[in-house]
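Computation of the quantities below employed the complete heavy-atom set of this structure, encompassing side-chain atoms and omitting hydrogens, waters and symmetry-equivalent molecules. In what follows, every chain begins at residue 1, and chains take the letters A, B, ... in the order their sequences are listed.
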Number of protein chains: 2
Amino acid sequence: MSDSSERLEVWCAGEEWCPITTTATLVGKKWHPVIVHRLLDGGPSGFNELKDDVDGISSKVLSDSLEDLQEKGLVAREVISEQPFRVHYSLTDRGASLEPVIAAMAEWGAEHLRAPEQ
Amino acid sequence: MSDSSERLEVWCAGEEWCPITTTATLVGKKWHPVIVHRLLDGGPSGFNELKDDVDGISSKVLSDSLEDLQEKGLVAREVISEQPFRVHYSLTDRGASLEPVIAAMAEWGAEHLRAPEQ
DNA sequence: CGGCATCCACATGGATACTG
DNA sequence: CAGTATCCATGTGGATGCCG
């Protein structure tokens, strides 16, 4: 498939320096890709707006997921001091750069959704 | 982002009919994308050959992963009756169709691996 | 060679209720 | 509005050892 000069002997490792595993730790969580997709297509959002759009998620899990996405530098959180106050969730540049990955996932899923078995 | 006629109100649901979640259940497991990548680039393989290439995986986890991939129709398993017998793992057409998804994950990971923080 | 059996640890996700 | 606090069920991965 590849000639000897550029061949990788190890496809991926258990450690973090594997590109695929790196991406999988972001996109492999149950709700993460859905949330990123929502922020990509729907733009910035408040907490409950997000919760309403992402069908089936609970407050706690959305909160946990957003916290994880912030720690990983994919999502930015901004508190707007008003009454009542608002919170603004948006993608960072890094988060937005996941678009090709999310798009590929969405496309594959859409094509194979009609034939889940066989 | 989209006009009113083609807008999706719900980005994804907790149920199985969501395209992204569908893909995430395949590609979101820790070792699945790595195994598929190995089979895409390295061609069909025996069990231990696969285990050697996928650095860090245990027999049990590789076995579990391959079983799951078979159930989902992504991987084919063929037993070759020789002495000693061999087993042949390869991608099905459906498994091979994941190539764009895996490629997108690999590319994103490679680009962002050098800057894991910030 | 190509696994399976066991047992275990930890992470993820979910239900429910409550708060500033 | 935007979460937090508990508590709990399950899943996923890992270590070790044995088997046909």
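Using the six-membered ring where Trp is involved, B/Tyr89 and B/Phe47 have ring planes that are tilted, between 30° and 60° apart.
Distance, A/Asp64 CG to C/dC10 C1': 15 Å, rounded to whole Å. Atoms CD (A/Glu67) and P (D/dA5) sit 10 Å apart, rounded to a whole Å. Atom CD1 in B/Ile57 sits roughly 13 Å away from atom P in C/dG3 (whole-Å rounding). We find that CD1 of B/Ile80 is positioned 11 Å from P of C/dG3, with the value rounded to whole Å. Here the P atom of nucleotide C/dG3 and the CG atom of B/Asp52 are 14 Å apart, to the nearest Å. As rounded to whole Å, 13 Å separates atom C1' of C/dG2 from atom CD of B/Gln70. The distance between atom CG of B/Asp55 and atom C1' of D/dG14, rounded to the nearest whole Å, is 15 Å. The CD-C1' distance, from A/Glu78 to D/dC1, rounds to 16 Å in whole Å.
Put simply, A/Ile80 and A/Leu50 are part of two different groups of oily side chains (I, L, V, M, F, W, Y) that touch within less than 4.5 Å, one to the next.
The phosphate of C/dG3 (OP1 or OP2) has a side-chain N or O of B/Arg77 nearer than 4.0 angstrom. For D/dT4, the OP1/OP2 oxygens have a side-chain nitrogen or oxygen of A/Ser63 closer than 4.0 Å. Regarding contacts with the backbone of D/dG3, a side-chain N or O of A/Tyr89 is found under 4.0 angstrom from either OP1 or OP2.
One can find a donor-acceptor pair under 3.5 Å joining the base of C/dG14 and the side-chain atoms of A/Lys60.
Side-chain N/O atoms of A/Ser97 and B/His112 include a donor and acceptor closer than 3.5 Å.
Which of D/dG3, C/dG13, D/dG14 sits closest to the side chain of A/Lys30 comes down to C/dG13.
A/Thr92 places a side-chain N or O within 3.5 Å of a backbone atom of A/Gly73 that can act as its donor or acceptor partner.
Within the 4.0 angstrom heavy-atom criterion, no nucleotide atom of any strand lies near A/Ser58. Note on A/Lys29: only backbone sugar-phosphate atoms sit closer than 4.0 angstrom, heavy atoms only; bases stay farther off.
Comparing A/Ser65 and A/Phe85, the nucleotide of DNA chain C nearest to each residue sits closer to the 5' end for A/Ser65.
Salt-bridge annotation for A/Glu49 and A/Arg38: present, with a side-chain N of the basic residue lying under 4.0 Å from a carboxylate O of the acidic one.
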